Q: 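Right, I'll just put the structure down here and ask away after.
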Protein chains: 2
Amino acid sequence: MIERSYSITELTEMFDVTSRTLRYYEELGLLNPERRGTQRLYHDRDRVRLQLILRGRRLGFGLQEISDMLSLYDADPTEVTQLQAVLQRGDAKLREIEAQIRDLEAVRAELLEVRSRLEKTLAQKQRGERE
Amino acid sequence: MIERSYSITELTEMFDVTSRTLRYYEELGLLNPERRGTQRLYHDRDRVRLQLILRGRRLGFGLQEISDMLSLYDADPTEVTQLQAVLQRGDAKLREIEAQIRDLEAVRAELLEVRSRLEKTLAQKQRGERE
DNA sequence: AAATAAGTTGACGTAAACGTAAATAAAAGA
DNA sequence: TCTTTTATTTACGTTTACGTCAACTTATTT
């Protein structure tokens with residue numbers, strides 16, 4: 001696989017975001033593009049991180065929260081106690097995620113119920129109509 | 001089951017929200033408490049709706065979006081075409097939810113991977129330590 | 001070299017979802 | 001009845017996540 005690099009507009013077009021968004025994410029330390037003089041040069045690493053960030057946004061996470069999760073990813077702690085702390089935080093986040101999945105599945109079930117109720121009503125109305 | 005009713009502070013304590021939040025939701029039409037003179041009187045119906053709203057918030061939905069979903073719940077359209085429209089909107093939302101569940105499960109899988117990686121590193125360090 | 005396009009740094013603006021404080025009214029307890 | 005307590009409306013403030021200029025600087029075309 002070849003190491004690609006991207007200009008800011010290439011990346012914005014790729015993910016349908018504005019350059020402001022990319023600069024803002026950088027301001028928060030979520031992205032760290034290389035500098036080619038004054039201009040930003042994004043690499044695959046940045047692209048992947050951006051993808052993760054945007055998925056997080058779609059899922060309703062805040063940028064600070066996303067930052068925390070990303071720090072779990074690339075954490076490489078030297079101290080054992082630090083490593084254990086990271087593990088704890090990761091587990092906590094994992095439990096949150098699992099709770100969220102359960103909640104979403106409840107929403108799904110409720111929507112399906114509503115759906116079948118509506119379909120029943122629809123069938124009745126249509127039977128009534130063709131008389 | 002007895003029909004209970006709640007004052008605004010009872011409800012806020014029940015769900016750990018402020019009265020401002022409840023009034024704001026009312027302003028947006030998400031809640032419609034009875035009025036006992038000038039004061040608000042919430043019933044079980046309101047309590048259940050509030051519960052749904054707060055779950056929606058935890059899942060990252062906006063209040064407008066939540067309002068739309070609630071309107072699916074209590075929609076009782078008279079026209080067949082309207083009913084079909086509601087069904088369509090419901091199906092669209094359902095697909096969104098399912099996509100969200102898939103994304104969340106991906107996040108879960110990634111966190112589990114990170115976790116096992118960290119545990120391996122931890123085991124190594126601990127083996128190294130007791131020498 | 002001149003013109004056009006792409007990118008940069010401020011800096012002020014904005015929508016959503018409330019927080020917070022002030023002024024006032026109504027209910028409940030002593 | 002007097003006084004806490006609870007609640008109401010009004011209105012300005014705040015945080016997050018960007019949008020939107022403006023004023024330049026740097027690259028790229030022609």
Side-chain angles (χ1 to χ4, degrees), chain A residues 4-43 46-47 49-71 93 96 100 103 107, chain B residues 4-43 46-47 49-71 93 96 100 103 107:
Chain A
R4 272 219 54 186
S5 71
Y6 316 87
S7 76
I8 195 167
T9 33
E10 278 181 302
L11 219 56
T12 63
E13 283 164 4
M14 222 168 241
F15 291 99
D16 194 37
V17 293
T18 70
S19 58
R20 175 70 232 255
T21 299
L22 297 187
R23 295 197 193 98
Y24 183 57
Y25 289 172
E26 185 176 346
E27 207 179 310
L28 299 187
L30 290 168
L31 293 176
N32 258 60
E34 193 191 325
R35 287 292 177 134
R36 207 62 161 189
T38 156
Q39 257 151 273
R40 293 169 173 79
L41 234 201
Y42 297 88
H43 295 271
D46 305 297
R47 183 180 47 73
R49 278 181 80 92
L50 180 56
Q51 208 159 11
L52 292 177
I53 295 167
L54 294 176
R55 187 184 62 186
R57 292 292 296 130
R58 286 197 314 269
L59 291 173
F61 298 119
L63 290 176
Q64 184 51 61
E65 210 176 348
I66 292 173
S67 176
D68 293 349
M69 293 176 65
L70 287 178
S71 78
K93 188 50 88 174
E96 271 181 49
Q100 207 164 335
D103 269 358
V107 172
Chain B
R4 274 221 53 187
S5 70
Y6 316 87
S7 75
I8 194 167
T9 31
E10 278 181 302
L11 220 57
T12 63
E13 284 163 4
M14 218 167 244
F15 291 99
D16 194 36
V17 294
T18 70
S19 59
R20 174 69 230 257
T21 299
L22 297 186
R23 295 200 191 96
Y24 182 58
Y25 290 172
E26 183 177 348
E27 206 181 309
L28 299 188
L30 290 168
L31 293 176
N32 256 63
E34 193 192 322
R35 287 291 175 134
R36 213 49 165 198
T38 154
Q39 256 152 273
R40 292 168 175 80
L41 234 200
Y42 298 88
H43 295 272
D46 304 297
R47 184 180 47 74
R49 278 180 79 91
L50 179 55
Q51 206 159 14
L52 292 177
I53 295 167
L54 293 176
R55 186 183 62 187
R57 291 291 296 131
R58 285 198 314 271
L59 292 173
F61 298 119
L63 290 176
Q64 184 50 61
E65 211 176 347
I66 292 173
S67 175
D68 294 348
M69 292 177 66
L70 288 177
S71 79
K93 189 49 87 175
E96 271 181 52
Q100 206 164 335
D103 269 358
V107 172

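Sequence lines set the chain letters: A, B, ... in the order given, protein chains first and strands last, and positions in each chain run from 1. No experiment lies behind these values; they were computed from the predicted model shown.
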Q: Nearest-nucleotide wise, let me know which of B:I8 and A:Y24 is further upstream toward the 5' end of DNA chain D.
A: B:I8
Q: Provide the closest heavy-atom pair for A:L59 versus B:Q100 in the form atom of the first, atom of the second, distance.
A: CD2-CG, 3.4 Å
Q: Round to a whole Å and report the spacing from CG of A:L11 to C1' of C:dG7.
A: 14 Å
Q: Please list, in numerical order, the residues of residues 34-41 of chain B that have a heavy atom closer than 4.0 Å to any atom of DNA chain C.
A: B:T38, B:Q39
Q: Do the non-hydrogen side-chain atoms of B:E34 and B:D46 ever get within less than 4.5 Å of each other?
A: no
Q: Answer yes or no: is there a side-chain heavy-atom contact under 4.5 Å between B:L22 and B:Y42?
A: yes
Q: I need the CG-C1' distance between B:L50 and C:dA17, as an integer number of Å.
A: 15 Å
Q: Whole angstroms only, please: what is the CG-C1' distance between B:L22 and D:dA7?
A: 12 Å
Q: Between B:R23 (CZ) and C:dC18 (C1'), how many Å, whole number?
A: 13 Å
Q: When the distance from CG of A:L30 to C1' of D:dA17 is rounded to whole Å, what number comes out?
A: 12 Å
Q: To the nearest Å, give me how far apart CD (A:E65) and P (D:dT15) are.
A: 19 Å
Q: Taking OH from A:Y25 and P from D:dT16, how many angstroms apart are they, rounded to a whole number?
A: 14 Å
Q: At a heavy-atom distance below 4.0 Å, what parts of residues 54-62 of chain B sit against DNA chain C?
A: B:R57, B:G62
Q: Check every strand shown and say whether A:T18 touches a base, only sugar-phosphate, or nothing at a heavy-atom separation below 4.0 Å.
A: sugar-phosphate
Q: So does B:E96 pair up with B:K93, basic N to acidic O under 4.0 Å?
A: yes
Q: Donor-acceptor check, side chain of A:R57 to backbone of A:F61, threshold 3.5 angstrom: yes or no?
A: yes
Q: If you only use heavy atoms from C-beta on, which nucleotide in D:dC18, D:dA7, C:dC18 is closest to the side chain of B:L63?
A: C:dC18
Q: Is there a side-chain contact between A:L54 and A:Y25 (heavy atoms, below 4.5 Å)?
A: yes
Q: When you get a sec, tell me which of C:dC18, C:dA6, D:dC18 is the closest nucleotide to the side chain of A:T21?
A: D:dC18
Q: Less than 4.5 Å apart, any side-chain heavy atom of A:T21 and any of A:T12?
A: no
Q: Do you know which two heavy atoms are closest between A:L41 and A:R36, and how far apart they sit?
A: CD1-CD, 4.1 Å
Q: Is B:S19 near enough to D:dT8 that one of its side-chain N or O atoms lies under 4.0 angstrom from OP1 or OP2?
A: no
Q: Which of these nucleotides, D:dT9, C:dC12, C:dG19, is closest to any side-chain atom of B:R20?
A: C:dG19
Q: Atom CD of B:Q64 to atom P of C:dC18: distance rounded to whole Å?
A: 14 Å
Q: Considering only heavy atoms from C-beta outward, does the side chain of B:R40 approach that of B:L11 to under 4.5 Å?
A: no
